[in-house]
Amino acid sequence: MNAIVKFRHADSPMKADDPLHYTACGLDNIYLVSGFQRRIVAGEEYVSVKDAEDLHKAIALSLARKKLLAGKEIRFLRKFLDYTQSDLGEWLGISDQSVARYEKDKNVMDAATSYVLRLLVLGKVSGCVNVHDELERLRGQDDTVSDTLLMGRDHDEWRPMAA
């Protein structure tokens, strides 16, 4: 899917080889050196970005491999995952207000929370591990209240046994 964005008034057109400052994703630090086309229609410059969905996937993957995430990057990743602040808060085990504070750079996301967010993104991008399903399974296990862990040896392997 290509995204077509009205870019600027054509009085100050960019040179054909200038990188495109791509702000349509909500981030201020993304520049495209290829994969887009500029056109002037009725005195307005329009930019067509080829395969914007794949571009956003590549941006998300780059951010997920980054150490610290800024607020706008957290917002981008949340939207990439197609989550509301409440949805993301539920998956991260925090309130929607905490998510909002992270997105506004009022609080810094702790490492463990950041890892879960980044794993959710990596899982969506790679498709190898469905982190969403694994977190759901873990959350379901958290609902069981038992201090006793029964272990047994089965097929030459130790494993938890049903009570």
Side-chain angles (χ1 to χ4, degrees), residues 1-140:
M1 175 178 116
N2 292 351
I4 299 176
V5 178
K6 180 180 171 186
F7 191 62
R8 66 173 75 218
H9 192 274
D11 288 345
S12 57
M14 296 182 76
K15 297 178 202 157
D17 59 346
D18 283 346
L20 173 69
H21 186 191
Y22 181 70
T23 58
C25 62
L27 299 170
D28 299 325
N29 59 342
I30 306 297
Y31 292 85
L32 308 182
V33 295
S34 62
F36 64 93
Q37 180 181 27
R38 293 182 172 101
R39 289 180 298 169
I40 297 179
V41 178
E44 301 289 332
E45 184 175 15
Y46 289 84
V47 175
S48 173
V49 177
K50 184 178 169 119
D51 225 345
E53 190 173 316
D54 278 353
L55 170 61
H56 286 214
K57 186 186 288 187
I59 293 169
L61 184 59
S62 294
L63 292 176
R65 291 182 172 152
K66 185 180 177 187
K67 248 187 171 176
L68 293 174
L69 296 169
K72 286 184 177 186
E73 294 167 333
I74 294 168
R75 181 180 302 118
F76 173 85
L77 292 176
R78 175 179 59 80
K79 289 180 177 184
F80 173 77
L81 291 167
D82 199 27
Y83 288 165
T84 63
Q85 288 179 337
S86 180
D87 293 336
L88 182 59
E90 190 172 324
W91 286 113
L92 298 178
I94 59 176
S95 71
D96 58 337
Q97 291 304 307
S98 292
V99 173
R101 285 192 293 275
Y102 292 143
E103 290 183 358
K104 293 175 185 172
D105 280 323
K106 296 201 183 245
N107 289 353
V108 176
M109 188 175 274
D110 64 89
T113 305
S114 174
Y115 290 151
V116 174
L117 171 58
R118 292 158 55 200
L119 282 172
L120 284 166
V121 171
L122 291 170
K124 179 175 179 171
V125 170
S126 73
C128 295
V129 175
N130 190 329
V131 177
H132 186 275
D133 287 351
E134 288 300 314
L135 287 173
E136 183 66 40
R137 185 179 61 77
L138 289 172
R139 188 166 49 185

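Count residues from 1 along the sequence.
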So which atom in [X] and which in [Y] form the shortest heavy-atom distance, rounded to 0.1 Å?
X	Y	result
Y22	V49	CE1-CG2, 3.9 Å
F76	C25	CD1-O, 3.4 Å
L88	R78	CD2-CB, 3.9 Å
P19	R38	O-NH2, 3.8 Å
V125	L61	CG1-CD1, 4.1 Å

Check: [Y] and [X] side chains under 4.5 Å, non-hydrogen atoms:
X	Y	answer
K57	F80	yes
V47	L32	no
L63	V121	no
I30	T23	no
V99	Y83	no
W91	L81	no
L77	L120	no

**Asked** What do you reckon, is CG of D82 surrounded by more than 12 foreign heavy atoms closer than 6.0 Å?
**Response** no
Table please: side-chain donor-acceptor pairs of residues 108-115 below 3.5 Å, with sequence neighbours left out.
residue	atom	partner	partner atom	Å
D110	OD1	A112	N	3.2
D110	OD1	T113	N	3.0
D110	OD1	T113	OG1	3.1
D110	OD2	T113	OG1	2.8
S114	OG	R118	NH1	3.3

When rounded to the nearest 0.5 Å, the distance separating CD of E90 from CG of D96 is 10.5 Å
Distance-only, no hydrogens or angles: does the R101 side chain make a donor-acceptor pair with backbone N or O of K106 under 3.5 Å?
no
Tell me if a side-chain donor or acceptor on K66 pairs with a main-chain N or O of E73 at a distance below 3.5 Å. no
